[in-house]
Amino acid sequence: MKLAFAIGVIVASGLLSQPVSSADTTVHPEQWPAVQWPLPQDAKIASRVQALMDRMSVEEKVGQMVQADLNSVTPDDVRRYHLGSVLAGGNSKPGGLPKAGVAQWQAAADAFWRASTDKSAGGQGIPVLFGIDAVHGHNNAVGATLFPQNSALGAMRDPALMEKIGAATAAEVRATGISWTFAPTLAVVRDDRWGRSYEGYSEDPSIVAAYSKAMVEGLQGKVGTPAFLDTMHAVATAKHFLGDGGTTNGKDQGSADISEADLRTIHGAGYPPAVAAGVQTVMASFSAWNGVKMHGNKALLTDVLKGRMDFGGFVVGDWNGHGQVPGCSNDDCAAAINAGVDMLMAPDSWRGLVENTVREVKAGQITTQRLDDAVRRILTVKVRSGLLDAGLPSAQPAARQASSIVGSPAHRDLARQAVRESLVLLKNNGGLLPLNPRSRILVTGDAADSISRQSGGWTLNWQGVGLTNADFPGAQSIWAGIKAQVDKAGGTAVLSTDGTFSEKPDVAVVVFGEEPYAEFQGDIPNLAYRPGDDHDLELLRALHARHIPVVAVFLSGRPLWVNRELNASDAFVAAWLPGSEGEGVADVLLRDAHGQIAHDFRGRLAYSWPRTATQTPLNLGQAGYDPLFAFGYGLTYATAHDLGVLSENSGVKGQLVQPGLFFDRGKAVAGMQDYLVGANGKRVPARVAPTHSDDGAVSIASVDFKAQEDARRLRWTQAHARFVLESGKALDLEREVNGDVMLALWVRAKPSSSSLRIGMNCGLGCEGMVNLAPTLASVPPDTWARIGIPLKCFRVAGTNMAKVMQPVVLEGGDSADIAVSRVWLGMDVDKVVDCPTH
Ligand code: BGC
Ligand code: BGC
């Protein structure tokens, strides 16, 4: 109460970044930095573009403005609709594969290139521009070098290394036949509850500005040099314009309710340097500024970006982002085009969008002038980047040398250097670090030998889930890196993920942290680390209790409240999400084989570290700034001093709940109520098991899954009875639907469960139910499995996903018999229910 009151007072007196009324959406372009586009009109390019446009029909022009996703488009569609671009979204791999390597990407790029240059359906044979999210290295390609995620890179303060990382990433992208990456992210992250915090370099605009130039020049090559957009470089995207890192409460795709001055000076900081470096594309943000969705914001997209900042490339939309503009849908949005979006990202909605846009051009709702401007911008980027003459993707220079480019030793060395430079030492009591590699070192924690955990989201798939070390050929876990160096020095390193050991170690290195996530799946209500699950803390404390010195290596995309874990460790390293080169951690933690310090810590916080879990937003320069570790903090071996015992009060009132979790270890989570509803419609609370519905049609009892009574068994004796989880407030799951998220259940079924439906309810007469029985029947009887139901299915079946009251409704036939342990929103499942999604 006291804290909330204090923040209220600060806000009211205007000491924090000033919140403004939602009416305040006037833009003053003349107040924004004027930039000079470094690529003045080139007569040769312009006449080539004009010659193409002179021959193009409206349909062909509109086709150039639409980008479809690999999962929802075929090469033949590209040929017939003259689509200008194809993207591979986070979960889209060639041929529907779960993951893809160099050969598969090249084959896909070739197939789309061939289709787009085939004039048999008419058209000019303009090659498609193929785009992908290479956001920490070429993270969708098996075997690629995975660089640390951006929040780690910010801690390095090393723009020169950033430029090299950009160049290496571009070469790996080109080696797979792809020539466009949706990077860099220039978000200035002001609230670390945002699930995309790790995609930003810093809370500080000056770091973002410096990195922006370096990264754009690394990816594209420097304007005016022969390297610029040559065969080893790629088209870059500055994203997400504008204010993505400034949304209220850090809500992904939310609204940045801030003054124009803050929008310009804080969030805008990365764009002038990107434009000055000749960035070829800018992606519009899903988010809004003071309630106005960026995809519909003409003043910012056109007047500021293309006008005042002189941006001469093209603006691409985000994943159906246009569909969120008032009056628009995913397949119809003249407003976004009129606001200045030149190419719409229409993953699954491209067909309707092409048809509707053609109609709107013909009806004059989109002027010919606007149409031509958009197409000219797109074609100019295509010509300038050499796409028209580059030929078959797999035959291009980088692709032909793919085996010596993708995951090459030189690129891995750069990544390992970045790991070393980005580690931030938060605590080193008694000078525990550096460790002697000739000692006996226990390496433990559930992330010690997990390349997936050290890589985070946007790794081989969107959420970075469901992966094992075998999915990362050539990569090294943190454990493997420590072991290699300890072995070389003649010490003993032992891996024990649960912390047990037979011979007492001299020291324990505990590697733990966040599970991978991406976008809104990572939004959290406060900065508590792993709410409701203290297994890491218990491990740290158990080692401590046995008088083993403890080094904590914390993997996270952002600062989190870890005071208890800090207290339970002697040394604590914020390792962020370091990527594929785990040995970079050993480089700094251990002395070398001769007992010397080869690499000291040099990482400094680019994000302020909170004192409590509720200290949000927390940014350098704010009034009353009182972080646990300030922006710029970072110990070295020369500067270390002891850290005292920290308060263990998180500041969170009530129970800590993980968002997107409805039912956990056999119980409804806080904020959810569970009921049994009889075939007669009467409800009884299901909380205290065993119990049964009023008419005995369905009963509930406790059973064991992984632990004692961590699941509930539901048995039906009559049809139409239900088990229901009801939320205290209506849930808006629209973002999750757009993102292909699923409702996931840890479940076990008896063979008698031949009739079972699952649904989401949105109030009286508002409900969508999906058949669960066939999928359950495909799992061996009495076997636990994670079943996922795409949220889209519930929408198709009738749920209003913006107002979900009961996110889980289970309705059995008269002999259904299942056990459920956990229900959540996620993507990591064993089986997916096959149901209509549109
Ligand atoms: C993200 C973008 C990304 C795009 C394509 C969107 O959901 O916001 O950053 O580039 O998907 O994967
Ligand atoms: C795609 C991502 C995209 C997201 C949009 C996912 O299904 O794979 O690329 O960013 O949806 O929210």
Side-chain angles (χ1 to χ4, degrees), residues 66-73 85-93 100 105 129-141 149-151 169 173 178 180-187 189 194-201 215 219 234-245 247 250-254 256 270 274 279-288 293-295 314-324 330 336 341 343-350 456-464 517-523 557 734-741 791 827:
V66 174
Q67 181 184 56
D69 179 78
L70 203 61
N71 263 353
S72 311
V73 74
S85 177
V86 166
L87 92 144
N91 284 335
S92 312
K93 312 293 172 239
W105 284 117
L129 188 55
F130 194 146
I132 197 161
D133 294 280
V135 296
H136 64 122
H138 193 8
N139 44 261
N140 283 300
Q149 298 270 8
N150 288 345
S151 59
T169 303
V173 169
I178 300 174
W180 181 13
T181 170
F182 306 128
T185 295
L186 302 180
V189 180
W194 187 33
R196 306 191 78 159
S197 295
Y198 68 81
E199 295 188 59
Y201 298 122
M215 201 60 185
L219 289 167
V235 169
T237 306
K239 74 184 188 185
H240 308 84
F241 189 84
L242 188 63
D244 50 352
T247 61
K251 184 176 159 40
D252 190 43
Q253 306 186 14
V279 73
Q280 296 294 294
T281 73
V282 170
M283 189 183 290
S285 181
F286 269 127
S287 59
K293 279 284 174 188
M294 280 306 306
H295 280 67
F314 71 84
V315 174
V316 62
D318 203 344
W319 188 271
N320 279 329
H322 54 272
Q324 300 182 12
N330 290 352
V341 180
M343 181 185 280
L344 298 168
M345 191 185 288
D348 49 355
S349 48
W350 58 269
W458 294 108
T459 298
L460 297 183
N461 56 58
W462 184 35
Q463 297 292 324
Y517 54 82
E519 300 190 47
F520 49 84
Q521 294 264 77
D523 283 2
E734 285 291 353
R735 288 183 307 175
E736 286 78 0
V737 176
N738 182 29
D740 286 344
V741 174
L791 293 181
M827 316 229 31

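For ligands, and for the atoms within them, numbers begin at 1 and follow the listed sequence. From a predicted model like this one, the values you see are computed outputs, not experimental measurements. Heavy-atom basis, side chains included; hydrogens, waters and symmetry copies ignored.
Under 4.0 Å from ligand 1, the heavy atoms of R196 that appear belong solely to its side chain. With a heavy-atom cut-off of 4.0 Å, L87 touches ligand 1 through its side chain alone. Residue-level proximity to ligand 1 for W462 is absent, since no heavy atom of it falls below 4.0 angstrom. Using a 4.0 Å cut-off between heavy atoms, F520 makes no contact with ligand 1 at all.
Here is the list of ligand 1 atoms found below 4.0 Å of a heavy atom in K239: 2 (C), 3 (C), 9 (O), 10 (O). Against a heavy-atom cut-off of under 4.0 Å, W319 is close to the following atoms of ligand 1: 6 (C), 7 (O), 11 (O). Those atoms of ligand 1 that come under 4.0 Å of a heavy atom in F182, given as number and element, are 10 (O). Within the listing of ligand 1, atoms 2 (C), 8 (O), 9 (O) sit less than 4.0 angstrom from a heavy atom of H240.
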**OP:** Please assess T169 against T181 for the test side chain to side chain contact (heavy atoms under 4.5 Å, CB included), listing each intermediate value before the final yes or no.
**Re:** CA-CA 9 Å; T169 303; T181 170; 5.6 Å; no
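The shortest N/O to N/O separation between D318 and ligand 1 falls below 3.5 Å. Between W458 and ligand 1, no pair of N/O atoms sits closer than 3.5 Å.
Side chain of D318 to backbone of F286: no donor-acceptor contact under 3.5 angstrom is found.
In this structure, F520 has its ring center no closer than 6.0 Å to that of W319.
Checked against Q324 for a side chain to side chain donor-acceptor pair (under 3.5 Å), the options R735, H295, Q253 give a single hit: Q253.
A donor atom on one side chain and an acceptor atom on the other are found under 3.5 Å apart for N320 and D348. W458 and Q149 share no donor-acceptor pair across their side chains, judged by distance under 3.5 Å alone.
The shell of residues lying under 4.0 angstrom from ligand 1, judged by heavy atoms, includes M283.
Side-chain atoms of D244 and R196, non-hydrogen and from C-beta on, never get closer than 4.5 Å to each other. By the 4.5 Å heavy-atom criterion applied to side chains, I132 and W105 are counted as neighbours.
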